[in-house]
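Data block below; observations after.
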Amino acid sequence: MKNYLIILLYALLFASCESTDTELTSTEASHFSKKTQDTTPLNPANTFDYVGQVHYDLSLSYYSSLLLPKTIDSIISKVNLEASEHFYFDGFLSSDYNLVPQSRIEAIVANSEDEFTSIVDDLQLSPQVKNDFSAFVATVLSKVDHDVDYEAIYNYVVLYESTLQDSKDISASEKEYLLSVTSIIRHSVYAKRKRPKKNTDPDWDWLTANITGAVEGAQYGKSHAVLTALKAGIIENR
């Protein structure tokens, strides 16, 4: 029931802003809810699109602070704090915020490519689905690396999401896992195009850490996909 309320809330926010396209945005956090000439990261056809929207919300909230933490433990603590103040995490147990431990997140940041491959290899998905997903992620990363326009990346992600949703060979729980991750990917690429990296590493490195965090966390649920992706991406970007 909570998931449907979240979808409805985001839908209402977007619809209300569509009718007031001359209104100035009050905060960057409401950016994608306003009507603009840009392609927004939203994909209403993805039932789990709110996962990426929550990730986007928390990313904007985190980076809105004037002073940002530098140490890994303080970054993790701040992400947990930002999440605890978001309505999506209402009722979330405090002990669950670090279900994916710091040591695991550090390993993801240190070697994102190999960790991604290892995680996907161990997923309870068919070999074909795993191969397709890995190829999809590799293509997204290549497009980002070659500075492909966001609209083209968005269309590619949405096409893949449509393929997942239409598939009769993937279970409902598998679709939930994959579509939650693709939503985070779609919103993450959009966010980075709006906010340049703070360090000198290529966007490819940041996005790989973010995606690997998402595929790791999503094994434990959508909330953990959001948290782990954020923590890994922010730590890589510090």
Side-chain angles (χ1 to χ4, degrees), residues 28-29 41 51-86 88-89 92-120 122-123 134 137-138 140-142 144-145 177 180-238:
E28 188 181 9
V51 179
Q53 294 180 44
V54 172
H55 180 279
Y56 184 83
D57 282 350
L58 294 180
S59 177
L60 292 182
S61 179
Y62 181 95
Y63 283 112
S64 68
S65 300
L66 295 177
L67 296 175
L68 295 174
K70 298 296 184 183
T71 63
I72 292 176
D73 59 339
S74 60
I75 289 172
I76 289 174
S77 294
K78 180 168 174 56
V79 170
N80 289 343
L81 176 62
E82 296 290 347
S84 70
E85 296 174 348
H86 193 284
Y88 179 67
F89 286 85
F92 199 64
L93 296 177
S94 59
S95 58
D96 282 347
Y97 281 98
N98 294 314
L99 180 64
V100 178
Q102 179 175 325
S103 59
R104 184 73 187 110
I105 294 170
E106 289 184 49
I108 288 171
V109 174
N111 197 358
S112 297
E113 288 184 81
D114 288 346
E115 289 294 340
F116 174 84
T117 300
S118 177
I119 295 167
V120 173
D122 289 341
L123 291 175
S134 295
V137 170
V140 171
L141 290 171
S142 176
V144 170
D145 191 41
Y177 175 91
S180 296
V181 173
T182 59
S183 178
I184 289 175
I185 292 173
R186 185 166 19 84
H187 284 82
S188 295
V189 176
Y190 178 83
K192 293 308 292 183
R193 290 298 168 90
K194 295 297 181 181
R195 180 186 297 279
K197 281 178 63 65
K198 290 184 176 295
N199 64 25
T200 58
D201 295 339
D203 278 337
W204 190 92
D205 288 342
W206 170 84
L207 191 58
T208 305
N210 196 67
I211 294 173
T212 304
V215 298
E216 170 73 8
Q219 298 177 94
Y220 308 101
K222 297 182 288 295
S223 298
H224 296 292
V226 171
L227 289 171
T228 312
L230 274 173
K231 291 171 182 176
I234 291 171
I235 290 169
E236 198 287 325
N237 190 44
R238 62 184 170 138

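Along the sequence shown, residues carry numbers from 1. From a predicted model like this one, the values you see are computed outputs, not experimental measurements.
Here the shortest heavy-atom pairing between Asn210 and His55 reads OD1-NE2, 3.4 Å. For Ser74 against Pro69, the heavy-atom pair with the smallest separation is OG-CB, 3.1 Å. Of all heavy-atom pairs spanning Glu115 and Ala107, the tightest one is CG-O, 3.6 Å. Here the closest non-hydrogen pair linking Val181 and Ala218 is CG2-CB, 3.9 Å. Summarising the geometry of Lys70 relative to Arg238, their closest heavy-atom pair is O-NH1, 2.9 Å, with the distance given to 0.1 Å. Taking all atoms of both residues into account, the shortest heavy-atom contact from Ser183 to Val51 is OG-C, 4.2 Å.
Among Tyr190, Tyr62, Tyr88, the one residue that satisfies the ring pair (Phe, Tyr, Trp, His ring centres under 6.0 Å) test with Tyr56 is Tyr190. Tested against Val189 for a side-chain contact (heavy atoms from CB on, under 4.5 Å), the candidates Ile211, Val144, Ile184 yield a single pass: Val144.
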Report the C-alpha distance between Thr228 and Tyr220 in whole Å, list the side-chain angles of each, state the deciding distance to 0.1 Å, and finish with yes or no for side-chain contact (heavy atoms from CB on, under 4.5 Å).
-> CA-CA 10 Å; Thr228 312; Tyr220 308 101; over 6 Å; no

Start with the C-alpha distance between Thr117 and Ser134, add both sets of side-chain angles, then the distance that settles side-chain contact (heavy atoms from CB on, under 4.5 Å), and finish with yes or no.
-> CA-CA 8 Å; Thr117 300; Ser134 295; over 6 Å; no

Trace of the side-chain contact (heavy atoms from CB on, under 4.5 Å) decision for Lys78 with Ser65 = CA-CA 10 Å; Lys78 180 168 174 56; Ser65 300; 2.8 Å; yes

Taking it one step at a time, do Tyr97 and Val79 satisfy side-chain contact (heavy atoms from CB on, under 4.5 Å)?
-> CA-CA 9 Å; Tyr97 281 98; Val79 170; over 6 Å; no

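Panel note: side chain Gln219, backbone Glu216; a donor-acceptor pair is recorded below 3.5 Å. Looking at Thr212, its side chain does come within 3.5 Å of a backbone N or O of Thr208 through a donor-acceptor pair.
Rounded to the nearest 0.5 Å, atoms CZ (Arg104) and NZ (Lys231) are 13.5 Å apart. With values rounded to the nearest 0.5 angstrom, Ile75 atom CD1 is found 9.5 Å from Gln102 atom CD. For the atom pair Asn237 CG and Lys192 NZ, the distance stands at 4.0 Å (nearest 0.5 Å). Atom NE2 of His224 sits about 12.5 Å away from atom OG of Ser180, to the nearest 0.5 Å. The line from CG of Asn80 to CG of Asn98 is 4.5 Å long, rounded to the nearest 0.5 Å. Atoms CD1 and CD1, from Ile105 and Ile235 in turn, are 5.5 Å apart once rounded to the nearest 0.5 Å.
Phe116 is not listed as a side-chain neighbour of Ile108, based on a closest heavy-atom distance of 4.5 Å or more.
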